[in-house]
There are 2 protein chains.
Amino acid sequence: MNQQQLSIEQATVILKLLADKTRLTIVKLLQEQDCCVCEFVEIFQVSQPSISQHLRKLRDADIVKEDRRGQWIFYSINTENSTFSFIEQVLSQIPSQKEKLIELERSGKRITCC
Amino acid sequence: MNQQQLSIEQATVILKLLADKTRLTIVKLLQEQDCCVCEFVEIFQVSQPSISQHLRKLRDADIVKEDRRGQWIFYSINTENSTFSFIEQVLSQIPSQKEKLIELERSGKRITCC
DNA sequence: TTATCATATAATAATATACTTATATATTCA
DNA sequence: TGAATATATAAGTATATTATTATATGATAA
């Protein structure tokens with residue numbers, strides 16, 4: 001059942017991207033639901049450029065894709081990427097982070113546009 | 001079937017360690033067979049201290065353990081570590097590296113002591 | 001059209017990482 | 001015991017990473 005489709009070089013690229021608490025949490029959250037940049041800024045309590053730069057790395061690797069909805073840019077997981085099943089396997093082994101989305105909702109900071 | 005026993009912090013520690021081509025290959029090779037330091041030096045064509053430092057990081061995280069056999073120190077995967085199944089899942093998705101051991105054997109550099 | 005809001009990029013600084021060479025330690029064997 | 005071999009550690013250096021502040025860009029709404 002192992003696909004073993006990734007070279008060891010490709011795997012290290014993906015692992016490096018996931019080996020950061022902010023990015024790993026971002027990707028895990030995106031598995032729950034699409035989110036926009038300002039939501040991540042709120043969740044992680046870091047500067048907006050910091051989040052933007054993390055998202056850029058994930059986007060450059062085609063792990064996530066962006067989708068403008070009015071004022072906001074929503075990010076989602078690019079499930080069509082050939083590395084997706086590898087990422088999914090990693091994510092399946094870490095705890096859900098959805099309490100962060102629930103907390104966001106409770107504090108009225110969830111963006112629900114369009 | 002997901003154990004989800006790791007916190008996101010623990011997962012990033014492990015992922016950081018695996019997110020390096022040399023270390024990822026070392027761990028994958030150790031899944032095939034125990035190896036000693038000088039074999040890794042031969043395989044990766046880097047300095048002995050470089051390998052020693054990679055192994056130290058893996059050892060400090062209890063991912064591998066060491067076992068002196070005469071002159072040599074053999075490393076093996078610590079399957080008793082609670083992070084082992086997480087690591088196993090990652091490793092299952094990258095290609096076998098055992099051709100490196102076969103090549104080592106062919107060039108007469110394989111250590112088979114004790 | 002101008003102000004505001006959301007996001008991206010540039011520049012910079014602090015810290016982490018992964019090598020190298022030099023050297024110390026531990027084991028084996030003549 | 002002393003030389004040779006295997007490994008670890010120390011010190012130094014180059015590069016990568018991740019944050020910050022300042023600023024640019026792009027969309028919306030008064």
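What you see is a predicted model; the values in this text were computed from it and never measured. Below, chain A is the first sequence line, B the second, and so on; all start at residue 1.
- Atom CG in D20(A) sits about 12 Å away from atom C1' in dA16(C), given to the nearest Å.
- Contact between the side-chain N/O atoms of H54(A) and the OP1/OP2 oxygens of dT17(D) is not found at any separation under 4.0 Å.
- Within 3.5 Å, a donor on the side chain of Q53(A) pairs with an acceptor on the base of dT20(D), or the reverse.
- Residue Y75(B) places none of its side-chain N or O atoms closer than 4.0 Å to OP1 or OP2 of dA6(D).
- Salt bridge absent: K109(B) and E39(B) never bring a charged side-chain N and a carboxylate O closer than 4.0 Å.
- Here the nucleotide nearest the side chain of E66(A), chosen from dA8(C), dA18(C), dA8(D), is dA8(C).
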Could you pull out the protein-nucleic contacts involving nucleotides 25-29 of chain C (nitrogen or oxygen on both sides, under 3.5 Å)?
none

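- The pair R69(B)-D67(B) meets the salt-bridge criterion, with a side-chain N (NZ, NE, NH1 or NH2) lying under 4.0 Å from an Asp/Glu carboxylate O.
- If you take CD1 of I73(B) and P of dT5(D), they are 17 Å apart, rounded to a whole angstrom.
- Judged by distance alone, the side chain of Q45(A) and the main-chain N or O of E42(A) form a donor-acceptor pair under 3.5 Å.
- In this structure, K16(A) does not pair ionically with D20(B), as no charged nitrogen and carboxylate oxygen lie closer than 4.0 Å.
- Between the CH2 atom of W72(B) and the C1' atom of dA8(D) there is a distance of 18 Å, rounded to whole Å.
- Listed by residue number, the members of residues 33-50 of chain A with any heavy atom below 4.0 angstrom from DNA chain D are S47(A), P49(A), S50(A).
- Taking 4.0 angstrom as the limit, K21(A) places none of its side-chain polar atoms (N or O) nearer than this to OP1 or OP2 of dT18(D).
- Between the CD1 atom of I51(A) and the P atom of dT9(C) there is a distance of 15 Å, rounded to whole Å.
- Formation of a donor-acceptor pair under 3.5 Å by the N78(A) side chain with backbone atoms of K65(A) is not found in this model.
- The backbone N or O of S7(B) lies less than 3.5 Å from a partner atom in the side chain of Q10(B), making a donor-acceptor pair.
- Projected onto DNA chain C by closest heavy-atom contact, R56(A) and K16(A) fall at different nucleotides, the more 5' of which corresponds to R56(A).
- Ion pairing between a basic and an acidic side chain is recognised when a charged N comes within 4.0 Å of a carboxylate O; R106(A) and E103(A) show such pairing.
- Within a 6.0 Å sphere centred on CD of E80(A), other residues, nucleotides and ligands contribute 12 heavy atoms or fewer.
- Taking atom CZ of F74(A) as the reference point, atom P of dT7(C) lies 8 Å away to the nearest angstrom.
- dA6(D) atom P lies 16 Å from atom CG of L55(B), rounded to whole Å.
- Distance R23(A) CZ to dA16(D) P: 15 Å, rounded to the nearest Å.
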Worked check of side-chain contact (heavy atoms from CB on, under 4.5 Å) between V90(B) and Q89(A): CA-CA 8 Å; V90(B) 173; Q89(A) 275 294 325; over 6 Å; no

